[in-house]
Amino acid sequence: MLQALRPLVTEKQQVARNGTSWFIPASTRQLHLRRAALKLARLPVIDRYVAGALTGKSTAIITNLRATSAVAGFSRR
(Lines give C-alpha, C1' and ligand atoms only; values in the text may rest on other atoms or scores of the structure.)
Protein backbone atom coordinates (compact mmCIF):
# COMPACT_ATOMS: atom_id res chain seq x y z
CA MET A 1 0.00 0.00 0.00
CA LEU A 2 2.73 2.46 0.93
CA GLN A 3 4.61 1.81 -2.31
CA ALA A 4 1.44 2.67 -4.22
CA LEU A 5 1.42 6.09 -2.54
CA ARG A 6 5.05 6.95 -3.38
CA PRO A 7 4.31 8.49 -6.83
CA LEU A 8 1.55 10.60 -5.31
CA VAL A 9 3.74 11.82 -2.46
CA THR A 10 6.59 12.61 -4.86
CA GLU A 11 4.25 14.58 -7.13
CA LYS A 12 2.70 16.58 -4.28
CA GLN A 13 6.14 17.37 -2.85
CA GLN A 14 7.22 18.71 -6.24
CA VAL A 15 4.07 20.84 -6.48
CA ALA A 16 4.89 22.26 -3.04
CA ARG A 17 8.49 23.02 -4.00
CA ASN A 18 7.36 24.73 -7.19
CA GLY A 19 4.78 26.76 -5.26
CA THR A 20 7.05 28.28 -2.65
CA SER A 21 7.28 31.53 -4.60
CA TRP A 22 3.50 31.81 -4.21
CA PHE A 23 3.81 31.90 -0.42
CA ILE A 24 7.11 33.76 -0.25
CA PRO A 25 7.17 36.29 -3.11
CA ALA A 26 10.68 37.37 -4.10
CA SER A 27 9.63 40.77 -5.40
CA THR A 28 6.98 43.43 -5.03
CA ARG A 29 5.67 42.49 -8.46
CA GLN A 30 5.12 38.87 -7.37
CA LEU A 31 3.39 40.08 -4.23
CA HIS A 32 0.98 42.20 -6.28
CA LEU A 33 0.33 39.29 -8.65
CA ARG A 34 -0.45 37.01 -5.71
CA ARG A 35 -2.86 39.55 -4.23
CA ALA A 36 -4.60 39.95 -7.59
CA ALA A 37 -4.88 36.16 -8.01
CA LEU A 38 -6.41 35.82 -4.54
CA LYS A 39 -8.97 38.49 -5.36
CA LEU A 40 -9.81 36.74 -8.63
CA ALA A 41 -10.05 33.42 -6.79
CA ARG A 42 -13.31 34.62 -5.28
CA LEU A 43 -14.96 34.10 -8.67
CA PRO A 44 -16.67 30.71 -9.12
CA VAL A 45 -14.70 29.37 -12.09
CA ILE A 46 -11.34 30.86 -11.25
CA ASP A 47 -11.37 29.51 -7.68
CA ARG A 48 -10.95 25.96 -9.01
CA TYR A 49 -8.09 27.00 -11.26
CA VAL A 50 -6.22 28.72 -8.41
CA ALA A 51 -6.82 25.75 -6.07
CA GLY A 52 -5.55 23.36 -8.74
CA ALA A 53 -2.47 25.48 -9.35
CA LEU A 54 -1.62 25.46 -5.65
CA THR A 55 -2.35 21.82 -4.86
CA GLY A 56 -1.70 20.08 -8.16
CA LYS A 57 -4.10 18.07 -10.21
CA SER A 58 -5.94 15.04 -8.94
CA THR A 59 -4.28 11.87 -10.20
CA ALA A 60 -5.48 8.37 -11.00
CA ILE A 61 -3.88 7.20 -7.76
CA ILE A 62 -6.16 9.48 -5.74
CA THR A 63 -9.20 8.30 -7.68
CA ASN A 64 -8.24 4.67 -7.10
CA LEU A 65 -7.63 5.25 -3.39
CA ARG A 66 -11.03 6.90 -3.05
CA ALA A 67 -12.70 3.96 -4.77
CA THR A 68 -10.75 1.42 -2.69
CA SER A 69 -11.48 3.16 0.60
CA ALA A 70 -15.17 3.43 -0.27
CA VAL A 71 -15.31 -0.30 -0.97
CA ALA A 72 -13.39 -1.07 2.23
CA GLY A 73 -15.83 1.02 4.25
CA PHE A 74 -13.55 3.94 5.07
CA SER A 75 -15.24 7.31 5.14
CA ARG A 76 -13.85 10.63 3.93
CA ARG A 77 -13.84 13.37 6.51
Side-chain angles (χ1 to χ4, degrees):
M1 175 74 164
L2 291 177
Q3 290 176 347
L5 293 176
R6 175 49 49 198
L8 175 65
V9 170
T10 302
E11 176 190 340
K12 295 303 178 184
Q13 287 174 339
Q14 189 60 44
V15 168
R17 286 184 189 102
N18 293 341
T20 56
S21 63
W22 173 262
F23 295 102
I24 307 169
S27 68
T28 304
R29 181 176 180 263
Q30 287 179 343
L31 178 63
H32 291 300
L33 287 172
R34 182 181 72 174
R35 287 179 181 165
L38 288 173
K39 286 181 183 179
L40 286 173
R42 297 176 187 164
L43 300 174
V45 175
I46 297 176
D47 64 343
R48 292 185 195 118
Y49 176 76
V50 172
L54 291 175
T55 61
K57 304 296 182 224
S58 182
T59 63
I61 295 170
I62 293 173
T63 305
N64 292 339
L65 285 173
R66 286 181 182 152
T68 303
S69 62
V71 170
F74 294 107
S75 63
R76 286 177 58 195
R77 293 179 188 202

Subject >> Residues which pass side-chain contact (heavy atoms from CB on, under 4.5 Å) with Ser27, listed by chain and number, not counting sequence neighbours >> reply: Arg29, Gln30
**OP:** Go through the structure and list residues passing side chain to side chain donor-acceptor pair (under 3.5 Å) with Gln14, not counting sequence neighbours.
**Re:** Asn18
Subject >> Residues that Arg34 engages under side-chain contact (heavy atoms from CB on, under 4.5 Å), provided they are two or more places apart >> reply: Trp22, Pro25, Leu31, Leu38
Original post:
Got a second to check how far Leu8's CG is from Gln13's CD, nearest 0.5 Å?
Top reply: 9.5 Å
